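Before any comments, here is the structure.
We name chains A, B, ... by the order of the sequence lines, and we start the count at 1 in each one. What you see is a predicted model, and the numbers here were worked out from it, not measured in a lab.
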There are 4 protein chains.
Amino acid sequence: MKRAPTDPSVSAPVAAKRAAAARGFASAAKPASENEAISTRAAKAAERRAAIIEAALDEFTARGFAATRIDDVAKRAGVAKGTIYLHFTDKEAMFQELVRTALVPTMQRLTAQPSPGVSARQMLEAFADAFVNDVAQTRRGDILRLVMAEGTRFPSLAEFHYRNVVEPGVAGIRRILELGVARGEISSAALAQFPQLAVAPVVLSVIWQGLFGRFAPLDVQAMLRAHLDLIFGERTAS
Amino acid sequence: MKRAPTDPSVSAPVAAKRAAAARGFASAAKPASENEAISTRAAKAAERRAAIIEAALDEFTARGFAATRIDDVAKRAGVAKGTIYLHFTDKEAMFQELVRTALVPTMQRLTAQPSPGVSARQMLEAFADAFVNDVAQTRRGDILRLVMAEGTRFPSLAEFHYRNVVEPGVAGIRRILELGVARGEISSAALAQFPQLAVAPVVLSVIWQGLFGRFAPLDVQAMLRAHLDLIFGERTAS
Amino acid sequence: MKRAPTDPSVSAPVAAKRAAAARGFASAAKPASENEAISTRAAKAAERRAAIIEAALDEFTARGFAATRIDDVAKRAGVAKGTIYLHFTDKEAMFQELVRTALVPTMQRLTAQPSPGVSARQMLEAFADAFVNDVAQTRRGDILRLVMAEGTRFPSLAEFHYRNVVEPGVAGIRRILELGVARGEISSAALAQFPQLAVAPVVLSVIWQGLFGRFAPLDVQAMLRAHLDLIFGERTAS
Amino acid sequence: MKRAPTDPSVSAPVAAKRAAAARGFASAAKPASENEAISTRAAKAAERRAAIIEAALDEFTARGFAATRIDDVAKRAGVAKGTIYLHFTDKEAMFQELVRTALVPTMQRLTAQPSPGVSARQMLEAFADAFVNDVAQTRRGDILRLVMAEGTRFPSLAEFHYRNVVEPGVAGIRRILELGVARGEISSAALAQFPQLAVAPVVLSVIWQGLFGRFAPLDVQAMLRAHLDLIFGERTAS
DNA sequence: AATGAATGAGCATTCATTCAT
DNA sequence: AATGAATGAATGCTCATTCAT
């Protein structure tokens with residue numbers, strides 16, 4: 001099994017710059033210093049940390065936990081190997097810390113409070129669209145895949161995601177489904193008992209694209225729409 | 001990440017014996033000699049090979065490819081390390097060889113020819129039952145999970161499974177769905193366009209049980225039944 | 001360093017046959033049984049032993065001691081690995097036994113009694129010709145090279161060759177040189193003190209051809225003749 | 001073949017110190033900093049590299065390429081195994097790199113421009129003396145032996161030495177011989193056609209001392225002098 | 001804080017030797 | 001005697017982690 005560079009087009013320093021501007025993932029670490037010109041020690045440290053996180057995610061999603069080398073993460077982040085250990089106690093801590101925080105905000109947004117006057121179908125459509133736009137087509141999809149792939153080896157990680165991503169997500173979906181049943185939009189009461197059924201195509205799409213996307217890509221959006229038709233009992237034209 | 005024995009209750013010799021009786025995986029290698037007492041060289045070799053396969057599957061499913069040590073496979077199989085290299089050229093060949101062949105026969109059986117006079121619902125029910133009995137509750141479920149987890153790192157493996165497991169499986173399901181639509185059992189024509197929707201809960205269940213089964217087990221059978229109700233438009237009692 | 005087959009054109013069975021007919025090296029082992037048709041156990045064993053010796057020499061000269069694999073010797077000899085251990089206690093014993101006996105008879109012939117009425121020059125010419133024909137152009141040259149290459153690591157082997165090949169050889173040459181001096185053929189008396197000087201070009205040629213022969217072959221015969229001219233004080237035409 | 005320490009009298013730290021003072025081999029790496037007390041990172045690295053080179057030469061010359069263990073080189077150099085891989089990509093690269101550079105400067109000096117007003121005999125005498133002092137009696141002699149022993153297995157190494165050591169050396173000797181012929185010092189014109197004849201005793205001495213030096217040492221200096229007498233046609237007193 | 005050279009435990013693979021058949 | 005499957009010690013190389021600068 002040869003080892004290939006994850007992204008040879010990105011040189012280390014460029015990667016560092018790009019990483020410094022990482023959206024979302026490490027925003028908490030960089031307190032948006034009052035002035036861009038001001039570059040305090042703390043700001044620099046935050047930048048570095050963000051670069052490391054960015055690089056680590058790239059490597060971990062591309063290679064998995066075991067096959068990722070700290071050396072490569074460091075190179076990609078544009079820092080020295082030792083620097084990583086100033087931010088993370090060890091490789092596993094880095095992995096778990098990164099993967100833990102990477103999805104929570106997104107999932108919280110995805111399963112946010114439904115607006116009152118909206119139909120269940122519209123809610124699920126919004127959810128599906130958000131998933132396609134914010135997860136399936138971004139690096140978050142890779143992270144989701146990573147959690148599924150490595151979760152078995154990191155029980156605490158799996159449980160963390162269950163508590164913070166899956167459970168709330170399923171609960172949110174269930175609320176929507178119950179609303180749909182209550183309003184008569186959905187005829188199958190069993191669906192609310194297994195909200196997983198509503199999410200299953202999302203899980204499948206993540207796996208599918210990761211394994212087969214290269215040669216047999218799936219039109220996730222269309223599939224999710226067909227799924228909603230199924231749930232809401234609408235007969236689609238053949 | 002501390003390394004723990006995958007199954008400390010099984011001593012090496014016992015493992016070897018158990019392996020000798022391995023169901024399915026290496027059956028081709030042991031031609032069921034006329035008499036059990038007969039123990040030819042070939043039979044012994046087949047036994048050993050079966051033991052290695054068994055052990056390797058245990059270790060690979062428990063730890064993943066990278067974290068599995070040949071030494072542990074050997075110990076678990078009750079053979080010396082060198083013996084493994086009499087049967088497989090290297091670790092990766094062993095991994096791919098095992099995982100490639102492990103699912104194909106089962107999947108072929110699962111998606112076999114539907115009996116003529118049977119309803120689409122019955123067919124899918126049979127499929128769901130077979131999956132629960134032969135995959136979800138056996139080691140094949142672990143292997144399926146393993147393919148999902150490592151497939152990204154082994155493109156040829158992913159493609160092999162696509163061609164030999166996924167594509168035929170999806171095609172089989174599609175035929176059933178089309179039959180259902182033709183017979184009026186299924187109202188949603190879009191389903192036949194995305195047979196993946198019919199299989200999605202199966203994929204979800206594999207992932208779910210692998211990650212969360214320990215603390216939040218899923219009643220896969222019940223879920224699949226609910227899913228069929230959804231597909232066939234039957235309103236289940238709440 | 002990739003490992004390449006020493007002689008891919010020779011298949012194992014053919015090699016065995018050819019080995020069975022090995023000239024010289026193992027003749028002592030095959031007592032020329034009364035009748036060729038008779039193939040006693042002993043004769044078969046001798047044949048096998050000869051095949052092993054032949055194969056071992058091929059491999060050892062091609063790869064050196066450390067890089068030669070018993071497995072390859074067995075394959076080349078057309079016998080099973082275990083069979084080798086019926087004839088030799090271990091790899092080193094095989095190596096030493098082979099290399100020890102391979103040169104002695106030849107060297108004895110090369111330094112045999114000088115015919116009485118022959119000039120010193122003629123004697124040395126005969127020696128040079130014999131060396132070129134029987135050593136430089138045959139596998140014995142490889143063996144000589146092998147001894148030079150591995151001798152440092154096998155002190156007893158080096159000493160054996162000193163006692164049985166070098167010492168007698170040098171003594172023989174010295175006798176010839178003294179004869180030449182006594183007869184007035186040779187003017188330099190110092191030569192007889194260092195008979196090694198007379199043999200030095202022979203040693204050089206073995207090394208040279210082994211290392212550089214591929215791209216810078218040496219005309220050994222011509223060089224040896226020039227050397228004789230030097231020794232016997234004849235001025236060669238430019 | 002029992003494995004014995006090459007030089008048990010030298011403890012690791014001592015070896016490192018000694019290596020730091022290695023003559024010639026790694027001189028380029030240590031830029032002779034202004035003050036001996038100054039110990040920059042670069043200097044330390046150079047020291048380490050020199051220690052590794054020294055140790056590796058010891059081991060390689062004592063055991064040959066295949067039988068040398070990286071572990072032993074590391075121990076002897078007083079560094080950890082991994083450190084070696086910071087300086088050389090792998091064992092073969094280390095071997096070739098060391099052996100390639102070890103002889104070139106010496107050989108260049110040996111075959112340097114002859115002073116104009118000097119006789120051919122004096123030139124060859126200077127060459128012989130330099131060889132005895134700088135090669136035969138130093139570790140360079142071992143390296144030369146090593147090249148002869150392993151050259152067959154490393155064609156590129158053999159060719160490198162041919163181009164950089166042998167070819168220029170032979171050319172230099174040839175020039176001297178031609179000068180001698182032109183001046184009437186040398187009567188045999190054939191000698192200039194085979195300058196190898198002038199070097200042959202040098203080659204023989206390297207081999208001889210390596211194989212038989214322990215129990216039958218050769219007075220190389222005297223032999224080379226006798227050889228010069230032979231070349232220049234002087235009759236030595238018996 | 002940052003660096004990156006140094007460390008050494010860890011692991012895949014090889015191969016001489018043994019021994020049951 | 002002959003076989004070749006099985007063994008397991010040996011060894012090259014990797015890479016997470018440490019620490020002197």
Side-chain angles (χ1 to χ4, degrees), chain A residues 1 3 41-42 44-45 48 66-75 78-94, chain B residues 1 3 39-42 44-45 48-49 66-75 78-92 94, chain C residues 1 3 41-42 44-45 48 66-75 78-94, chain D residues 1 3 39-42 44-45 48-49 66-75 78-92 94:
Chain A
M1 192 167 45
R3 181 177 288 276
R41 259 149 309 229
K44 273 230 175 140
R48 279 201 138 83
T68 289
R69 279 177 288 148
I70 295 287
D71 233 338
D72 287 346
V73 174
K75 241 169 241 143
V79 302
K81 216 186 332 181
T83 306
I84 289 179
Y85 286 87
L86 298 174
H87 293 276
F88 304 94
T89 58
D90 63 12
K91 190 184 174 185
E92 187 175 340
M94 174 166 65
Chain B
M1 189 163 53
R3 184 177 286 276
S39 178
T40 65
R41 247 149 315 191
K44 272 234 175 136
R48 278 200 134 85
R49 192 185 161 88
T68 290
R69 279 180 281 130
I70 295 286
D71 237 337
D72 286 346
V73 174
K75 238 167 249 150
V79 302
K81 211 179 345 175
T83 305
I84 289 179
Y85 288 88
L86 296 175
H87 293 275
F88 303 94
T89 57
D90 62 12
K91 188 183 171 184
E92 188 175 338
M94 173 165 67
Chain C
M1 195 162 47
R3 182 177 288 274
R41 257 151 311 227
K44 274 235 176 135
R48 279 202 138 83
T68 289
R69 278 176 289 148
I70 296 286
D71 231 337
D72 286 346
V73 174
K75 240 170 243 144
V79 302
K81 216 181 338 178
T83 306
I84 289 180
Y85 287 87
L86 298 175
H87 293 275
F88 304 93
T89 57
D90 62 13
K91 188 185 175 185
E92 187 176 341
M94 173 167 64
Chain D
M1 191 165 49
R3 183 178 286 276
S39 178
T40 64
R41 247 147 313 189
K44 273 232 174 140
R48 276 200 136 86
R49 192 186 161 88
T68 289
R69 281 180 279 128
I70 294 287
D71 240 337
D72 286 347
V73 173
K75 240 170 243 147
V79 302
K81 207 178 350 174
T83 305
I84 289 179
Y85 288 89
L86 296 175
H87 293 276
F88 303 95
T89 55
D90 61 13
K91 188 184 173 185
E92 188 174 338
M94 173 165 69

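Between F/dC13, F/dG4, E/dG8, one nucleotide has an atom nearer to the side chain of D/Lys81 than all others, and that is F/dC13. Closest to the side chain of D/Thr83, from the set E/dG10, E/dT7, E/dA2, is E/dT7. Side-chain atoms of C/Ala80 lie closest to F/dG4 of the nucleotides F/dG4, E/dG4, E/dG8. Checking E/dT3, F/dA16, E/dT18 against every side-chain atom of C/Tyr85, the shortest atom distance belongs to E/dT18.
Using modelled atom types, no side-chain atom of B/Lys75 and backbone atom of B/Lys81 make a donor-acceptor pair closer than 3.5 Å.
Nucleotide F/dA1 forms a pair with no other nucleotide shown, judged by Watson-Crick or G-U wobble geometry with both contacts under 3.5 Å. With both pairing distances under 3.5 Å, F/dT17 is matched to E/dA6 as a Watson-Crick or G-U wobble pair.
Note: B/Ile84 CD1 to B/Asp90 CG = 12.0 Å, rounded to the nearest 0.5 Å. The line from OG1 of C/Thr83 to CD1 of C/Ile70 is 12.0 Å long, rounded to the nearest 0.5 Å. One distance of note links OH of B/Tyr85 with NZ of B/Lys91; it measures 8.5 Å at 0.5 Å rounding. Here the CG atom belonging to B/Leu86 is positioned 9.5 Å from the CZ atom belonging to B/Arg48, to the nearest 0.5 angstrom.
When heavy atoms are screened at a 4.0 angstrom cut-off, D/Ile70 is found touching the sugar-phosphate backbone but no base atom. Within 4.0 Å (heavy atoms only), B/Thr89 reaches no atom of the nucleic acid at all.
The CZ-C1' distance, from B/Arg69 to F/dT14, rounds to 16 Å in whole Å. Straight-line distance from the NZ atom of A/Lys75 to the C1' atom of E/dT3: 14 Å, rounded to whole Å. Computed from coordinates, the C/Ile84 CD1 to F/dA2 P distance equals 12 Å when rounded to whole Å. Rounded to an integer number of Å, the gap from CG of C/Asp72 to P of E/dT14 is 13 Å. Rounded to whole Å, the distance from CG on A/Asp71 to C1' on E/dT7 is 14 Å. Nucleotide E/dT14 holds its P atom 8 Å from the CG atom of B/Asp90, rounded to whole Å. Between D/Lys44 atom NZ and E/dA5 atom P the separation is 14 Å, expressed in whole Å. Between the P atom of E/dC15 and the CE atom of C/Met94 lies a distance of 14 Å, rounded to the nearest Å.
Projected onto DNA chain F by closest heavy-atom contact, A/Ala67 and B/Val79 fall at different nucleotides, the more 5' of which corresponds to B/Val79. Residue whose closest nucleotide on DNA chain E sits further toward the 5' end, between C/Gly82 and B/Lys91: B/Lys91. Toward the 5' end of DNA chain F, the nearer of the two residues A/Ala66 and B/Leu86, judged by each one's closest nucleotide, is B/Leu86.
Residue A/Arg48 places at least one side-chain N or O closer than 4.0 Å to OP1 or OP2 of E/dT3.
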